[in-house]
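To start, the structure itself, in structure tokens.
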Amino acid sequence: MDEKEAARAAVREFLTTRRARVTPADAGLPPQGTRRRVKGLRREEVALLAGVSPEYYVRLERGQATGPSAGVVDAVAEVLRLDDDERAHLGRLLAALTPAARKRRRRTAKDLVTPGIRVLLDSMDHLPAVVFNARFDILAANTLGQALLAPVFDLPGRTNSARFLFPEWDRITADTVAMLRIEAGRHPDDPDLTELIGELATRSTEFRTRWATNDVRTARAGAKTFRHPLIGEITLPYETLRIDAVSSQILSVYTPQPGTREADAIRLLASWNGLTRASPQGVLQ
């Protein structure tokens with residue numbers, strides 16, 4: 001599949017899955033007595049509600065309508081109940097239908113962490129902090145971050161938390177897949193990302209199932225469950241800060257509230273850290 005066909009397929013798969021989740025009742029359409037053969041809205045129903053011709057919407061969903069107006073895209077997004085992340089993702093997918101946009105989107109940024117960010121990491125000596133790229137490769141971490149993610153560094157090959165998540169953890173968050181899906185929309189020609197997605201799809205049924213939903217989500221605050229060899233299973237809240245929009249680097253800081261069991265576990269991990277693990281080679285340089 002060449003780049004043009006891949007761009008069309010991405011639009012088609014995304015709009016098809018969004019259309020499937022909206023029922024006629026959700027869209028305010030009257031009940032129909034005939035048995036429906038599609039899950040969610042039909043294409044002609046989306047066209048009617050969005051105020052475009054059925055023929056045009058079919059072309060749009062197939063990725064054959066290049067350069068749709070913002071008004072049309074907004075109308076379709078409203079009918080399909082797209083949230084802000086999904087609307088932005090659809091915009092990127094539609095833009096990628098043009099050769100000029102496909103050329104511009106090729107990755108040029110390097111996964112280099114600036115000296116200033118490294119100083120910031122080192123200054124946080126009581127909270128685990130990690131810098132990821134959009135593929136969830138670990139680019140840098142402070143000492144506590146290295147200790148918390150120690151099992152990830154034991155995996156062979158690239159130090160990537162998504163590779164660790166799906167084969168090893170029972171609790172699997174959809175957020176990781178949704179954020180990888182956004183990155184695939186931004187940089188579908190990134191060979192490292194393509195390799196990662198292929199590996200995860202091969203190794204994990206859960207990943208394949210979630211990937212097929214085409215859900216998208218940007219990085220934001222949340223909570224993550226760890227199964228750590230020293231402190232056991234622990235769920236930690238975290239805050240995220242996007243460092244660089246071009247390279248898509250994200251700083252994640254795990255922030256247990258003082259006085260909680262989670263804060264005590266991190267404090268215990270800090271006391272053990274000097275004895276349990278040296279700095280992982282290639283993470284802090």
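Note that this is a predicted model, so its numbers are computed, not measured. These values consider heavy atoms only, across backbone and side chains, with no hydrogens, waters or symmetry-generated copies.
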Any heavy-atom pair between the side chains of [Y] and [X] that's under 4.5 Å?
X: N142; Y: V130; result: no
X: R135; Y: D190; result: yes
X: I250; Y: I243; result: no
X: R87; Y: D74; result: yes
X: L236; Y: I234; result: yes
X: Y254; Y: L144; result: no
X: I266; Y: P128; result: yes
X: Q249; Y: R242; result: no

Hey, could you give me the [atom1]/[atom2] distance between [X] and [Y], rounded to the nearest 0.5 Å?
X: T255; Y: Q257; atom1: OG1; atom2: CD; value: 6.5 Å
X: D122; Y: T143; atom1: CG; atom2: OG1; value: 6.5 Å
X: L200; Y: R210; atom1: CG; atom2: CZ; value: 13.0 Å
X: R181; Y: T176; atom1: CZ; atom2: OG1; value: 14.0 Å
X: R81; Y: R19; atom1: CZ; atom2: CZ; value: 16.0 Å
X: R12; Y: E5; atom1: CZ; atom2: CD; value: 8.0 Å

Between [Y] and [X], is there a salt bridge with N-O shorter than 4.0 Å?
X: D215; Y: R18; result: yes
X: R43; Y: E61; result: yes
X: E199; Y: R203; result: yes
X: R21; Y: E86; result: yes
X: R217; Y: D85; result: no

Q | Passing option when N160 is tested against D192, D137, N133 for side chain to side chain donor-acceptor pair (under 3.5 Å) | A |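 Passing option: D137.
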
Shortest non-hydrogen separation from [X] to [Y] and the atoms involved:
X: L121; Y: A141; value: CD1-N, 4.0 Å
X: A263; Y: P256; value: N-CB, 3.7 Å
X: W211; Y: A184; value: CH2-CB, 3.9 Å
X: A7; Y: A96; value: CB-O, 3.7 Å
X: T240; Y: A221; value: OG1-N, 3.9 Å
X: P68; Y: V73; value: CG-CG2, 3.9 Å

Q: Run the numbers on L97 and V11 for side chain to side chain contact (heavy atoms under 4.5 Å, CB included), then give the verdict.
A: CA-CA 9 Å; L97 295 173; V11 172; 4.2 Å; yes

Determine whether [X] and [Y] fall in the same hydrophobic cluster, where Ile, Leu, Val, Met, Phe, Trp and Tyr are linked whenever their side-chain heavy atoms lie under 4.5 Å apart.
X: W272; Y: V152; answer: yes
X: V22; Y: V58; answer: no
X: L15; Y: L48; answer: no
X: L230; Y: L268; answer: yes

Q: Using atom types as modelled and distance alone, determine if a side-chain donor or acceptor of T16 lies under 3.5 Å from a backbone N or O of E13.
A: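 No.
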
Q.
Closer than 3.5 angstrom, by distance alone: can the side chain of S204 be matched with the main-chain N or O of A201 as a donor-acceptor pair?
A.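 Such a contact is absent between S204 side chain and A201 backbone.
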
Q | From CA spacing to verdict: side chain to side chain contact (heavy atoms under 4.5 Å, CB included), I117, V131 | A | CA-CA 9 Å; I117 293 298; V131 176; 3.8 Å; yes

Q.
I'd like to know whether E239 forms a side chain to side chain contact (heavy atoms under 4.5 Å, CB included) with S252, so could you lay out the CA-CA distance, the side-chain angles of the two residues, the decisive distance to 0.1 Å, and finally the verdict.
A. CA-CA 6 Å; E239 300 289 336; S252 289; over 6 Å; no

Q.
Does E44 have more than 12 heavy atoms from other residues, nucleotides or ligands lying within 6.0 Å of its CD?
A.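 Yes, the 6.0 Å shell around CD holds more than 12 heavy atoms from other groups.
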
Q | Residues, nucleotides or ligands: over 12 heavy atoms within 6.0 Å of E78 CD | A |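 Incorrect, the count does not exceed 12.
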
Q) Going by atom types only, do T225 and T235 share a side-chain donor-acceptor pair under 3.5 Å? A)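 There is such a pair (donor and acceptor under 3.5 Å, judged by atom type) between the side chains of T225 and T235.
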
Q) So, T218 and R220: side-chain donor and acceptor under 3.5 Å apart, yes or no? A)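 R220 and T218 do have a side-chain donor-acceptor pair below 3.5 Å.
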
Q: Any chance you could lay out the side chain to side chain contact (heavy atoms under 4.5 Å, CB included) test for F207 and T202, step after step, and finish with the verdict?
A: CA-CA 9 Å; F207 179 87; T202 300; over 6 Å; no

(Q) Assess the residue pair R267 and D264 against the criterion (salt bridge (Lys or Arg N to Asp or Glu O under 4.0 Å)); give the C-alpha distance rounded to whole Å, side-chain angles, the decisive distance to 0.1 Å, and a yes or no. (A) CA-CA 5 Å; R267 190 161 48 249; D264 291 341; 2.3 Å; yes

Q.
Going by ring-ring contact (aromatic ring centres under 6.0 Å, His included), name the pairs with one or both residues in residues 37-95, residues two or more places apart or in two chains.
A.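 Matches after skipping sequence neighbours: F14-H89.
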
